[in-house]
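Hydrogens, waters and symmetry mates play no part in the numbers below; they use all other heavy atoms, side chains included.
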Amino acid sequence: IKTGEIRDLYRAYKLEDGLLGYPISNEKGGLKDGATYQLFEGAVIYDHPEYGAKVVFSGAVRDLYRSYGLENGKLGYPISNEKGGLKDGAVYQLFEGGVMYWHPRLGTHVVFNGATRDLYRSYGLENGKLGYPISDEQFGLKENATYQLFENAVVYTHPEVGTHSVVSGVIRNLYRSYGLENGEFGYPISEEEDGEQEFQNRVIGLGKVYTKKIYNAMKGKNYGKAMRDVGCGLRNNGCYQVFEKGIVYESEKGVFIVE
């Protein structure tokens, strides 16, 4: 092992008696950005001219890193070492392209840089209401959307309507009962606020489901509480909803109440 950052990091991990064990290769070059690497019994150390020497330990984190193509993949190079101190005994490691969490119960998952991670950060990361990721980003949804599951929510990213979460609870249960993104709701287009959330084709508020037109009309008039979810399928694609003060109809003529 040559003098330099790799050796310094190796020494910090207690040399051959530590987690890295004995070296099993010499330092090797030829990586992108002029980086080098060296293999050990329990890890690989990358030495990058900008990020310095960082270790990726063998196990679940390195297996997931390998599945994404190592330094040539979507995650890029590690930019931190593995760090602990998170709730539930979890650890995390930062990469150029995202953050990887290992959780003793939920396993190892990555949150990639971009809209999902920005939203996750806005909710307080693993300490916020979304909790830890329980899946990686998933593809194959209609309209080229993706989703990622967290302990307490699902986050959708749609090329037109953006990135939004549906948090576990009344709204997510209703959303699921109507077929999620493939049902009449479509994708979420806002975040939940005060028990209300807007979707492409429906609005959920106070535990009931509305069309957008009925919901907007209700906000400006005193119809009382909705007694049931909106029902559609009437003649000429009409809809209706029962409120405390009457039945509200939506048609091509507009939205009107029969008291």
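- Under a 3.5 Å cut-off, the side chain of E250 and the backbone N or O of C239 do not form any donor-acceptor pair.
- Side-chain atoms of E244 come within 3.5 Å of backbone atoms of K225 as a donor-acceptor pair (strictly under, hydrogens ignored).
- V170 pairs by the side-chain contact (heavy atoms from CB on, under 4.5 Å) definition with L174, not counting sequence neighbours.
- In this structure the side chain of M100 reaches within 4.5 angstrom of the side chain of F95, judged on heavy atoms.
- Taking the side chain to side chain donor-acceptor pair (under 3.5 Å) definition, one finds that D88 meets it with H103, sequence neighbours left out.
- The side-chain contact (heavy atoms from CB on, under 4.5 Å) test with Q38 singles out one residue from I6, I24, D47, V55, and that residue is I6.
- Residues Y187 and L141 form a side-chain contact, since some pair of their non-hydrogen atoms from C-beta on lies under 4.5 Å apart.
- By the 30° and 60° cut-offs, the orientation of the rings of Y223 relative to F243 is perpendicular.
- Although no hydrogens or angles enter the test, the distance criterion places no donor-acceptor pair under 3.5 Å between the side chain of Y101 and the main chain of G107.
- Judged purely by atom type and a 3.5 angstrom limit, H48 has no side-chain atom pairing as donor or acceptor with the backbone of A35.
- Between the side chain of E41 and the main chain of Y22, a donor-acceptor pair closer than 3.5 Å is present.
- The aromatic rings of Y156 and Y175 sit perpendicular to each other, their planes meeting at more than 60°, with 30° as the lower class boundary.
- Aromatic rings of Y13 and F57 (six-membered ring for Trp) have centroids within the 6.0 Å cut-off, being under it.
- Note: F185 and F199 have perpendicular aromatic rings, judged against thresholds of 30 and 60 degrees for the angle between ring planes.
- Residues satisfying the ring pair (Phe, Tyr, Trp, His ring centres under 6.0 Å) test with Y147, not counting sequence neighbours, are none.
- In this structure, the side chain of K54 engages the main chain of Y51 through a donor-acceptor pair within 3.5 Å.
- At distances below 3.5 Å, at least one donor-acceptor pair connects side-chain atoms of E151 with backbone N or O atoms of Y132.
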